Amino acid sequence: MNSKQSYASLVRGVHSFDFTGELYPSELLLIGDKAFPVLVSNSGQVLIASSQYGKGRMVVVSHEDILKDPQYLLFLKNALQWLKPSQAAQVGVDANLDALAQMLLRDGMKVQQGATLGTKLGVYCTDAYNEQNADGLVQFVKRGGGLLIGGQAWHWAGQHGMKNVLNGFPGNWVTGVAGIYFTGNVGEKGTFPVSQEMPRIPLITEHGLDTQSDLKAILKGVSKIDLQGIVPSQLLIHGTLAFPLGINADHQALFAAAYYGRGRVIVVSQENLLTKPSMKTFLLNAIDWLSSGKGKKVGVGNDLQDLYYILNQANIQCELTSLKDDLSVYCCSAYSDREMEKIHEFVSEGGGLLIGGQAWSSVKNIASSALAEYPGNKILNKFGVGILEKVLDVPGDSYSVQPIKELASSYHFRKALFQFKQHLQNHQALTSPYSSWVQKLGQDSAAFINIPATNSPPFFSVDEDLMDLVVQNGIPDISASNPIKTHSDEAFLTILSSELYNTFPEFQKLLPKLNQHFATNYPIAPRHVISVNGKNNGQEAWRSTGFYLPPGKTATLIFPSNVSNSNLQVQIGCHSDDLSEAEEWKRAPVVIRRFEVKNPRMEVSSLWGGLLYVIVPAETSLGPISITVEGAVKAPYFKHGDTSLSAWQNTIRNSTVPWTELETENVIMTVPTEDARKINNPDILLTTWDNMMRAVAKLASISPVFPRPERLVADVQILVGWMHAGHPVMLHLDSVQEMTDVQSIHDNGLWGPIHELGHNQQQSGWEFPPHTTEATNNLWSVYVNETVLHVPRERAHPELAPELRKERIEKYVRSGQLKDFQEFVALEPYLQLQEAFGWEPLMHIFAEYQKMTNIPDDNESKMNLWAEKYSEQVKKNLVPFFKAWKWPIRNELSQKLSRSFTMWAENPMKQYTSP
C-alpha cells in the first residue's frame, strides 16, 4: 500500500477534525522518506502523520487527548485497522491511555488494557512521554508491529528548551526513526477539513535545533580546508535537518551535516578529504560530533585505510571493517550502495555516518542524473543531502571556512524555495540575501526533481510545489528579441519547466495552457521506416534521421530487438551548448534531450523540440539499423549526391520546420531553414565543402573519409566566442551566410569555420598550450584557402598581411618572451617553415606523430621533439631557427642535430637576430 492509498484508508469516512476545545496540539515535522501527513491545518502545520519503519507502521498524533476523545473514534478505528500486521493481530493499550481502552471496548473492539510490550501484540497504543520504553517500541515497529502514539512537546520545550526538543523529547526517540518529530511549536487550533487528496508536507517547519552549536563543534580549530589535488562535487542540501558546513561565494556546498532519526551524518564532497593528514582536526571533530558522546568503536571502510591510521594515531578506538552492530560511527566512501539499507537503519537508530565522494566523474551519460543513479545518493537522499555531478568551484588550493553566523544563515534549498515561492505568489520583491540565490535555486530545483519520489511524500510534496510555480506563472518566452537574465524569475521558471517536462507526464499534458508558443502545428509525417548507419569506428557519432520533433510533441521509434543492449541513444535537438552560466539567455540553457534505447519501442519528447538523431557510441559495429518513426515531422534535408535538385527547389526548402541539414561526405551543416531556402543549388555549395574537407584530412594525414562527419551547427547563442570547436562546431546565426554563400567563399576565402575544424585536428603530442592553442589550428585555414579556394593567406586573414607579419616578428625578437608566443606570433614559425619547405613535411610529421608512443607531457620536451622531427624531415639543422623564436631547445639536441645536418642557410630569422 503506497502513501496515498494509506492516507485514504486512514481518513475513510472522516470529514473534519475539531481542535477547538482545550486541546493544544504540537506541530509535527516530517522528514522520513516514508512519512506522510494525515492532517494539515489551515496555516500549513502537520498535526497528524503516519510513517513506516522496518516491517511496521506508526500513526503519530499531536496530542495524547486525541487518543481519548470519542469525536475522533472513527479515525482511531481506521488507524488501528491500518496499523494491524494481520486481521487477527491483538491491540494493546498502555495503562496511561486507559480512556482509549475504555472507549474502544465500549465500541466492541477487543483490546488489552494496561498492556506492555512483553505480551504478543500486533498494535500498541501509548503516549509520547515514556523514555524508558523507547528502544523497545522501535524494535517492536521494526519487527512489524503497529504503533499509535500521541503527545505534545510544547510543554516539554518550556521546561527543557526548544533547541533540545528534537533530540531530547522522549517521543522523538521513537517516532524520529521513521522521520516524524514532535516539535516545541504550539499547533493551530480550529476545525480542519479532511482533503480528498493527501495534503503536502510543508516546505518549512521550524524545528528549533541550534545548528550554530553544531557548527562550532564540527569546525572548532578549523580555519582552512586543504584542497590541493582535490576536485570536489557540489552538494545539494535539501533536507529540513541538513545544513552546510562549508559554502563558497556561489552558494555551492563543500561539506554538509544532517540529523536523521536518532543519528547524525556528515558528508564531504570528495573522498580524499577523509584521508588527508591536513584534515585531522576536522576529522576528529566530525567523529566526536557523530558519536554524540557514546564513545563506542569507529568503523572505517577498507577503502579508507589512511583515515584509519589518522584515527588510530589519535587514540580513537577504530577498526577497518564493514558496517556492524557494535559501532557508534561508520566511515565510508560514496561509491557503493551495497550497505544502503544497513546504513539507513544504523543512522536512524543512533549511529553516526561519515561519508565522502564526488559524482562528477561517475555520471558520464548525458541522459543520467547523479541524484537518481549515483550510489552515494541512494544512501544520502534519505538524509537530505545529495552529491551533484557538477564540480564545486573553489579558486586556489584551499577553502577558507566562513564565520559560524554566516554559515548558519547561508543558502539552503528549502529556505530559498520557500522565500521564492512567497515572492511569486505575493508579488513581493526579493530582498538580500534571497535575491542572490535565484540562479542557484533554479539549478538545484532542476536537480532535485530527479530524486526518485514515487512513494516518498517529502520529495513529491516539493515536486508538486515546484510544478505549481510553473502552472501559476507560465513558461517564459525566450528569444534573441526577448532575452532573459540568468538571475531572473523567468530564468528560474525556464530551467524548472525543462526538468518538470522531462520528469512528469502530467506536466506535459499542461503544456498548451502554459505557453502559446508550444501550440504550433506541423504536418506530422506518416509512419516511416529509415535506415541508420550503426557502424562507427570513431568517436560517438550523431546519425541524422531526417525528422524533426515539434516542442511538446511525442514521437515513437521502433528499433530491432537486437540493438537494445548496444548503448544507442535517441537525441532531440542539436544545439548542445549548455548556457547555464551565461549572464543572459536568448534560448533555454539546455535544449537537447537524450534517451537510452533500452527497449525496441520507445517514446521520446522534448519541451523545446528539435531535429531527431540516433547516437551511435564509439567503436560500434551494428551495421545498418532499420528504425520505424511515428509522430515526427519530415525535416528539410539535402544530401549531396542523393537528394534531387528539383525536390529541393520545389518542395524541401519550403518546409516550415525551423532547421535544415546540408550533408556531404565529411561534413553536415545545420542552419536555419530561412537561410537554407536562399540556396538555390546546394550541390555547388556542398561540392566546395567536400573539397575543403578532403583538404582538411590531407593536411592532417588522416583518411580522406572521416570516421564520422564533422558537424557545424548554427545557434542563436553559443557558450563561448564567435565560434568554437567540438562535435559539433558551434557558430552564431550571423555566420551562416559566411559558410553557405559559395560565391563569397570562393571570392573572399573562409577562415572561421576552418579555424574551428583545425582545432578538431590538433593533437596534444604536438601542441604546446597555451602557446599554440590558437595558432596551429590556423594551418588548416591557410592550407584550405590556398589549395582549394586559391585565396592567398594575406587575403584569407588580414593579420597575415606581410607588413603585419614582419612587425610581429620584430617586436617578438626585440622584447618578447616565450609567454608571448601565442596566436599569430606562434603561427609565424610554422608559416615560415611551410613557405620554405612546402606542406609535405608537415603532413609527414603529423602522420609520424599518429604512430608514436610515449610522447612526453611537458611543453619543453614536446617542443624539443617537434624541432627534432622537423629537422629530420627537411634534412636541416633547425636549432638556430627555433632558438630565434625563443623555444627552450636543449644543448643535447643542439649537439645531436649539428652532427646530423647542415645549418639552414636560408633561415628567415637571421635578418631579425643578426647584429
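Computed from a predicted structure; not experimentally measured.
- With Ser333 contributing its side chain and Glu271 its backbone, the two residues share no donor-acceptor pair below 3.5 Å.
- Checking side-chain atoms of Asn285 against main-chain N and O of Lys220 turns up a donor-acceptor pair under 3.5 Å.
- No side-chain donor-acceptor contact under 3.5 Å links Asp326 to the backbone of Lys297.
- Ser62 places no side-chain N or O within donor-acceptor distance of the main-chain N or O of Pro25, the cut-off being under 3.5 Å.
- Note that CG of Leu290 and CG of Leu283 are 10.5 Å apart. Values are rounded to the nearest 0.5 Å.
- Met467 and Leu500 make their closest contact through CA-CD1, 3.8 Å (heavy atoms, listed as atom of the first residue, atom of the second, distance).
- For Lys342 and Tyr330, the positive end is not near the middle of the six-membered ring at less than 6.0 Å and at most 45° from its axis.
- Looking only at distances, no side-chain donor or acceptor of Asp288 sits under 3.5 Å from a matching main-chain atom of Leu284.
- Sorted by first and then second residue, the salt bridge (Lys or Arg N to Asp or Glu O under 4.0 Å) pairs with a member in residues 8-35 read Asp33-Lys382; sequence neighbours excluded.
- Put simply, the side chain of Glu464 never gets that close to the backbone of Arg200: no donor and acceptor are under 3.5 Å apart.
- Looking only at distances, no side-chain donor or acceptor of Asn96 sits under 3.5 Å from a matching main-chain atom of Thr126.
- Partners of Lys324 under the side-chain hydrogen bond (donor to acceptor under 3.5 Å, both in side chains) rule, at least two apart in sequence or in another chain, are Glu319.
- Pairs engaging residues 121-147 under the salt bridge (Lys or Arg N to Asp or Glu O under 4.0 Å) rule: Asp135-Arg262, Lys142-Glu345, Lys142-Glu349 [sequence neighbours left out].
- For Gln472, there are no side-chain hydrogen bond (donor to acceptor under 3.5 Å, both in side chains) partners at least two apart in sequence or on another chain.
- Partners of Asp337 according to the salt bridge (Lys or Arg N to Asp or Glu O under 4.0 Å) rule, which considers only residues two or more places apart in sequence or in another chain, are Lys378.
- Relative orientation of the Phe448 and Phe413 rings is parallel, given thresholds of 30° and 60° on the angle between their planes.
- Taking the side-chain hydrogen bond (donor to acceptor under 3.5 Å, both in side chains) definition, one finds that Gln113 meets it with Asp98, sequence neighbours left out.
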